Amino acid sequence: MRNPYEVLGVPKAASEADIKKAYRKLAKEFHPDRNKTDVKAKDRFAEVNSAYEILGDADKRKQFDRGEIDADGRPRATGFEGFGGFGGGGGGGRGFDFESMARNQRGGMGEDIFSHIFGEAFRAGGAGPGTRQAPRGEDVSAELIVTLEQVGGEEKLRLNLPTGREVDVMIPKGVVDGQTIRLRGLGYGGGPRAEPGDALLTIRIQPHPRFKTEGADLRVSVDVPLDDAILGGTIRVPTLTGAVEMKMPPMTSSGRTFRLRGKGLPKKDGTRGDLFATTAITLPSGDDEALAEFARARRAARVG
């Protein structure tokens with residue numbers, strides 16, 4: 001895979017917000033639902049999501065920047081640079097040629113020896129010219145529709161994949177609507193000794209009847225009786241986990257917004273966003289002669 005910074009079109013110093021913005025734009029542009037007849041768009045969509053898996057995760061991004069993992073998220077093989085300096089036995093100073101040895105031992109047990117020494121990275125990367133790698137299995141696409149309550153609770157949900165496999169999926173922290181996550185190895189199987197494909201899971205967050213989302217923050221409108229708005233008091237504010245009480249100062253106007261910290265959605269760093277509650281003052285239902293008389297007196301005093 002290409003460098004994830006190049007895939008998303010952002011510089012290495014890009015902020016988390018810039019990376020998320022670039023991802024959303026490209027994911028929307030290349031989403032399979034909008035490009036059903038364009039095969040290249042599907043590949044580009046998968047590439048964009050793979051890049052965001054690296055750069056959208058603070059820890060993985062640091063590992064990639066340090067060269068500890070590659071663009072596919074796999075650990076890089078390190079620590080073998082010095083082998084080429086080992087001298088040969090004939091006094092000619094020739095270095096020890098692992099690649100030639102692997103080629104010479106092909107058909108015997110050479111590949112298994114090196115796979116044992118270096119791990120699966122050796123087999124996946126190839127031992128040099130002439131080594132053939134089995135084709136990888138095909139990826140599958142699926143959608144997971146979730147509610148804001150499920151996102152807020154970081155719930156584990158059961159999903160049936162197109163392969164017929166049933167898996168439990170934990171809703172990741174910081175997920176956004178339309179984000180696609182890669183479930184490695186849950187696609188279709190390949191040939192013998194081949195890696196299976198991946199499952200590309202697109203998260204769809206259902207619109208909520210009360211809450212609006214702004215990243216990890218939530219907004220909600222709260223009805224406030226007129227007497228509480230004038231005199232102040234305690235009002236109940238809905239949250240994703242149930243209503244909480246909030247003290248409101250006297251003479252609160254309609255449209256005033258209060259912040260309830262930590263009552264929003266989970267973020268990738270483990271913290272949570274905030275809930276912003278905006279007041280909407282309500283009048284008493286039916287006739288209220290005392291209130292009407294008070295309003296007439298206030299009007300008369302203002303006019304006079």
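None of the values given here were measured: they were computed from a predicted structure.
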Kindly indicate, with the supporting measurements, whether the criterion salt bridge (Lys or Arg N to Asp or Glu O under 4.0 Å) is fulfilled by K156 and D168. CA-CA 6 Å; K156 181 185 291 185; D168 290 327; 5.2 Å; no

Evaluate whether atom [atom1] of [X] has more than 12 neighbouring non-hydrogen atoms of other residues, nucleotides or ligands under 6.0 angstrom away.
X	atom1	value
R165	CZ	no
R298	CZ	no
D287	CG	no
K268	NZ	yes

Worked verdict on E289 versus R296 for salt bridge (Lys or Arg N to Asp or Glu O under 4.0 Å): CA-CA 10 Å; E289 186 56 34; R296 283 193 288 268; 2.6 Å; yes

Show the nearest heavy-atom pair for residues [X] and [Y], with the distance to one decimal.
X	Y	value
P238	V220	CG-CG2, 3.9 Å
L265	G215	CD1-O, 4.0 Å
R61	Y5	NE-OH, 3.0 Å
S141	P162	O-CG, 3.5 Å
V48	A27	CG1-N, 4.2 Å
L240	G152	CD1-CA, 4.3 Å

Apply side chain to side chain contact (heavy atoms under 4.5 Å, CB included) to residues K173 and D269 and explain how you reach the verdict. CA-CA 8 Å; K173 292 181 175 67; D269 62 3; over 6 Å; no

Does [Y] offer a backbone N or O that forms a donor-acceptor pair with the side chain of [X] under 3.5 Å?
X	Y	value
E293	A290	no
D198	G187	no
D70	G73	yes
D274	G262	yes

Using side-chain heavy atoms (C-beta onward) and a distance below 4.5 Å, is [X] in contact with [Y]?
X	Y	answer
K28	R34	yes
D177	R204	yes
R44	V7	yes
R272	K263	no
P4	L55	yes

Carefully, step by step, assess I171 and I203 under the rule side chain to side chain contact (heavy atoms under 4.5 Å, CB included). CA-CA 9 Å; I171 300 177; I203 305 295; 5.7 Å; no

Steps toward side chain to side chain contact (heavy atoms under 4.5 Å, CB included) verdict (Q206, V146): CA-CA 6 Å; Q206 290 181 324; V146 297; over 6 Å; no

Given the rule that I, L, V, M, F, W and Y join up when any side-chain heavy atoms are under 4.5 Å apart, are [X] and [Y] in one cluster?
X	Y	result
L226	I235	no
L200	V176	no
L186	V175	yes
F211	V237	yes
L260	V151	yes

Drop me the distance from [X]'s [atom1] to [Y]'s [atom2], to the nearest 0.5 angstrom.
X	Y	atom1	atom2	result
R219	F276	CZ	CZ	5.5 Å
R261	D217	CZ	CG	10.0 Å
T213	I205	OG1	CD1	6.5 Å
L8	N3	CG	CG	9.5 Å
D72	R184	CG	CZ	6.0 Å
D228	I230	CG	CD1	9.5 Å

Start with the C-alpha distance between L201 and L159, add both sets of side-chain angles, then the distance that settles side chain to side chain contact (heavy atoms under 4.5 Å, CB included), and finish with yes or no. CA-CA 10 Å; L201 181 61; L159 173 69; 3.4 Å; yes

Can a side-chain donor-acceptor contact be found between [Y] and [X] if the only test is distance below 3.5 angstrom?
X	Y	value
D139	Y188	no
Y23	D18	no
R182	Y52	no

Checking side chain to side chain donor-acceptor pair (under 3.5 Å) for the pair T257/T278: CA distance, chi angles, key distance, verdict? CA-CA 4 Å; T257 298; T278 302; 2.9 Å; yes

Given the rule in the salt bridge (Lys or Arg N to Asp or Glu O under 4.0 Å) test, do R210 and E149 qualify, once you have shown the distances and angles that lead to the verdict? CA-CA 12 Å; R210 295 209 66 172; E149 285 82 1; over 6 Å; no

For T279, check side chain to side chain contact (heavy atoms under 4.5 Å, CB included) against everything at least two apart and list the hits.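 With sequence neighbours excluded, T279 shows a side chain to side chain contact (heavy atoms under 4.5 Å, CB included) to V224, M248, T252, R256, F258, given in chain and number order.
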
Carboxylate-amine/guanidinium proximity below 4.0 Å for E16 and K267: no

